[in-house]
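This structure is a prediction, so every number in the text was calculated from the model and none was measured. Naming: A, B, ... by sequence-line order, numbering from 1 per chain.
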2 protein chains.
Amino acid sequence: MQKYSKQTRVLLAVDCIIFGFDGDELKILLIKRAFNPEKGNWSLMGGFVQTDESVDQAANRILKDLTGIEGVYLEQLYTFGDPHRDPTERTASVCHFALVDLNKYEAQLSNDYHAEWFPLKRFPKLIFDHNDMVEMAKKRIRYKAAFHPILFELLPDKFTLPQLQNLYESVYNTTIDKRNFSKRVLATGLLIKLTEKDKTGSKRGAFFYRLNTQNYYAKFQAFLNFIPNPDTLRY
Amino acid sequence: MQKYSKQTRVLLAVDCIIFGFDGDELKILLIKRAFNPEKGNWSLMGGFVQTDESVDQAANRILKDLTGIEGVYLEQLYTFGDPHRDPTERTASVCHFALVDLNKYEAQLSNDYHAEWFPLKRFPKLIFDHNDMVEMAKKRIRYKAAFHPILFELLPDKFTLPQLQNLYESVYNTTIDKRNFSKRVLATGLLIKLTEKDKTGSKRGAFFYRLNTQNYYAKFQAFLNFIPNPDTLRY
DNA sequence: AAAATAATTGTATGATAAACACTAAATATG
DNA sequence: CATATTTAGTGTTTATCATACAATTATTTT
């Protein structure tokens with residue numbers, strides 16, 4: 001079949017903002033770029049879409065190749081298409097974000113992949129427009145987590161209510177009343193209380209919970225609104 | 001500067017779902033494709049991103065060139081990147097959606113551009129993956145309009161409360177109590193009542209309102225939730 | 001045994017959403 | 001000109017949900 005003549009072809013890249021939670025604050029995973037231009041500078045995980053793969057497949061492959069991470073929450077965020085965003089050659093980047101259990105991958109990541117976790121509140125200047133990408137991802141995760149239970153993706157399979165509350169407080173940079181938090185969270189029917197306790201965080205120990213995965217998928221679309229002041233949020 | 005060798009270059013397209021409201025139901029604007037493949041079949045408004053323009057600029061240009069429409073609400077939706085979505089040649093499409101005042105453009109569109117409005121509930125089969133795009137746009141507009149006052153973009157500058165309610169009822173395929181609707185909508189402070197009445201729709205006539213644009217931008221992020229049953233919605 | 005630490009739990013109040021039906025204004029009709 | 005017709009406009013009550021707020025329990029450490 002005849003091709004579309006006279007049209008410019010461009011490189012198609014995928015970049016990923018990988019979020020993790022260390023129990024205290026949100027972090028993102030960065031890597032030192034291995035090739036020119038900007039070799040040695042901090043960058044998001046990224047790569048080019050290959051001939052035979054879809055954009056989604058490319059995102060998953062890049063995540064796996066560069067970090068070993070697979071099977072995690074991954075969502076398309078936005079396509080950045082300024083003609084000069086990469087000075088080398090015109091490249092459009094389909095930006096994604098991922099949510100992972102940081103503790104599960106910590107050692108593997110620094111040893112095998114030389115990737116590093118940085119606090120979302122203070123991380124180095126990134127190449128190209130990657131700082132804009134992080135900014136947008138940060139807004140999106142706050143927006144989406146206000147209505148959908150995506151933050152569970154950042155926790156281990158077993159977690160405690162104080163841990164969960166820490167996560168919400170950290171994402172929204174606020175404090176939430178313990179009693180109201182547990183009431184609302186338990187009312188969703190998304191949590192199953194286990195008999196086991198986590199004794200690492202306190203003397204008394206806090207009960208572990210796990211996700212009711214059935215309800216998780218069923219209720220994914222309708223969750224909670226934990227935003228203290230939605231007016232300050234932007235999509 | 002050296003180029004990235006060994007990487008595949010692809011065509012980068014932009015497609016637009018253009019939504020309009022005729023007072024009764026939601027419609028989308030379609031065009032008969034002017035070139036092969038699929039020449040003569042119904043298609044979304046689309047075109048290729050040019051060398052010197054960003055993706056956003058391309059979306060605006062395509063909208064203007066193919067419909068004459070400019071200065072309307074336009075938002076990036078999703079990038080479709082299946083390697084075989086266009087059989088001719090690999091093409092990624094950054095899909096957008098636009099919201100326009102249908103009555104403002106109706107004549108101009110059919111005469112000058114041979115574009116046609118189709119009800120969102122029954123429109124022809126489209127080329128490639130354009131049907132998937134429309135499906136996603138439909139979900140997105142419902143999702144977003146539940147929290148942000150974007151539907152005003154579909155109405156003329158002056159509109160009545162019954163018109164506005166019709167629009168919401170049509171988008172969510174539901175019925176809303178008049179009293180509760182007007183209470184909530186007026187409580188937002190987004191509407192300014194005019195002295196003039198619209199007499200075309202009824203004997204008594206309904207007062208016109210216009211947007212308080214200051215408040216519109218200020219409160220864009222925090223609006224209302226008109227979804228009758230959010231569980232049924234998907235992002 | 002007492003102190004320290006963090007987890008767990010309930011109630012009262014205010015705000016918001018939902019249910020519900022009649023009156024008012026204007027035109028059309030006999 | 002009186003009456004009928006049509007759609008616009010408006011208030012109250014009730015139920016639900018969000019918020020504010022503090023004492024007790026379990027366990028470990030001293």
Side-chain angles (χ1 to χ4, degrees), chain A residues 23-24 145-147 155 158-170 172 174-210 219 222-233, chain B residues 23-24 145-147 155 158-170 172 174-210 219 222-233:
Chain A
D24 184 46
F147 305 108
L155 293 172
K158 296 189 297 185
F159 52 86
T160 66
L161 284 188
Q163 279 168 17
L164 184 63
Q165 183 169 348
N166 265 351
L167 173 55
Y168 273 93
E169 291 183 338
S170 162
Y172 292 109
T174 186
T175 55
I176 307 171
D177 181 88
K178 280 191 289 187
R179 289 162 288 192
N180 294 335
F181 183 82
S182 75
K183 244 182 301 178
R184 293 181 64 186
V185 127
L186 293 175
T188 63
L190 257 55
L191 300 193
I192 296 171
K193 190 176 188 171
L194 305 181
T195 49
E196 191 188 353
K197 273 188 171 182
D198 168 37
K199 312 281 278 212
T200 61
S202 74
K203 291 169 181 172
R204 178 171 173 180
F207 279 105
F208 276 120
Y209 287 79
R210 67 174 178 81
K219 298 193 179 180
F223 185 52
L224 300 167
N225 184 349
F226 276 122
I227 310 181
N229 178 12
D231 301 72
T232 60
L233 279 186
Chain B
D24 183 46
F147 304 108
L155 292 173
K158 295 188 297 186
F159 53 87
T160 66
L161 285 188
Q163 280 169 15
L164 184 63
Q165 183 170 347
N166 264 351
L167 174 54
Y168 274 93
E169 292 183 338
S170 162
Y172 293 109
T174 185
T175 55
I176 307 171
D177 181 88
K178 276 193 293 186
R179 291 160 288 191
N180 294 336
F181 183 83
S182 75
K183 246 182 297 178
R184 291 182 65 184
V185 129
L186 294 174
T188 63
L190 257 55
L191 300 193
I192 295 171
K193 190 176 190 171
L194 305 180
T195 50
E196 192 187 352
K197 274 187 171 183
D198 168 37
K199 313 282 279 215
T200 60
S202 74
K203 291 169 180 171
R204 178 172 174 179
F207 280 105
F208 277 120
Y209 287 80
R210 66 175 178 82
K219 298 192 180 180
F223 184 53
L224 302 167
N225 184 349
F226 276 123
I227 310 180
N229 179 11
D231 300 75
T232 61
L233 278 187

- request: For the pair A:Leu164 and A:Phe181, evaluate side chain to side chain contact (heavy atoms under 4.5 Å, CB included) and give the outcome as yes or no after the intermediate values.
  value: CA-CA 10 Å; A:Leu164 184 63; A:Phe181 183 82; 3.8 Å; yes

message: Under the rule for salt bridge (charged side-chain N to carboxylate O under 4.0 Å, His left out), what residues qualify as partners of B:Arg210, not counting sequence neighbours?
response: none

Test side-chain hydrogen bond (donor to acceptor under 3.5 Å, both in side chains) applied to A:Lys158 - qualifying residues, sequence neighbours left out: A:Glu196

- prompt: What is the distance from CG of B:Leu186 to C1' of D:dG9, rounded to the nearest Å?
  reply: 11 Å

query: Between B:Lys219 (side chain) and B:Thr188 (backbone), is there a donor-acceptor pair under 3.5 Å?
result: yes

Under 3.5 Å, which protein N or O atoms sit close to an N or O of nucleotides 11-15 of chain D? Give each pair with its distance.
from	atom 1	to	atom 2	distance (Å)
D:dT12	O4	B:Lys183	NZ	2.7

task: Return each pair, listed once, that meets salt bridge (Lys or Arg N to Asp or Glu O under 4.0 Å) where at least one residue sits in residues 159-170 of chain A; pairs must be two or more places apart or across chains.
output: none

task: Nearest whole angstrom, please: distance from the P of C:dA24 to the CG of B:Leu161.
output: 20 Å

- prompt: Under 3.5 Å, is there a donor-acceptor pair between the side chain of A:Gln165 and the main chain of A:Ile176?
  reply: yes

Residues touching DNA chain D, which here means a heavy atom under 4.0 Å, drawn from residues 197-206 of chain A: A:Lys197, A:Lys199, A:Lys203, A:Arg204

Under 3.5 Å, side-chain donor or acceptor atoms of residues 199-209 of chain B against the rest of the protein: list the pairs with distances, not counting sequence neighbours.
from	atom 1	to	atom 2	distance (Å)
B:Thr200	OG1	B:Asp198	OD1	2.7
B:Thr200	OG1	B:Asp198	OD2	3.4
B:Ser202	OG	B:Gly205	N	2.9

- request: Measure the distance from CZ on B:Phe207 to C1' on D:dT7 and round it to the nearest whole Å.
  value: 14 Å

query: Are B:Leu191 and B:Phe159 side-chain neighbours, meaning at least one heavy-atom pair lies under 4.5 Å?
result: yes

query: What is the distance, rounded to the nearest whole Å, between atom OH of A:Tyr209 and atom P of C:dA7?
result: 12 Å

- prompt: For the pair made of CD in B:Gln165 and C1' in D:dT10, what is the distance, rounded to whole Å?
  reply: 13 Å

message: Output the rounded distance in Å from CZ (A:Phe181) to C1' (D:dC21).
response: 18 Å

message: How many whole angstroms separate atom NZ of A:Lys178 from atom C1' of D:dA20?
response: 15 Å

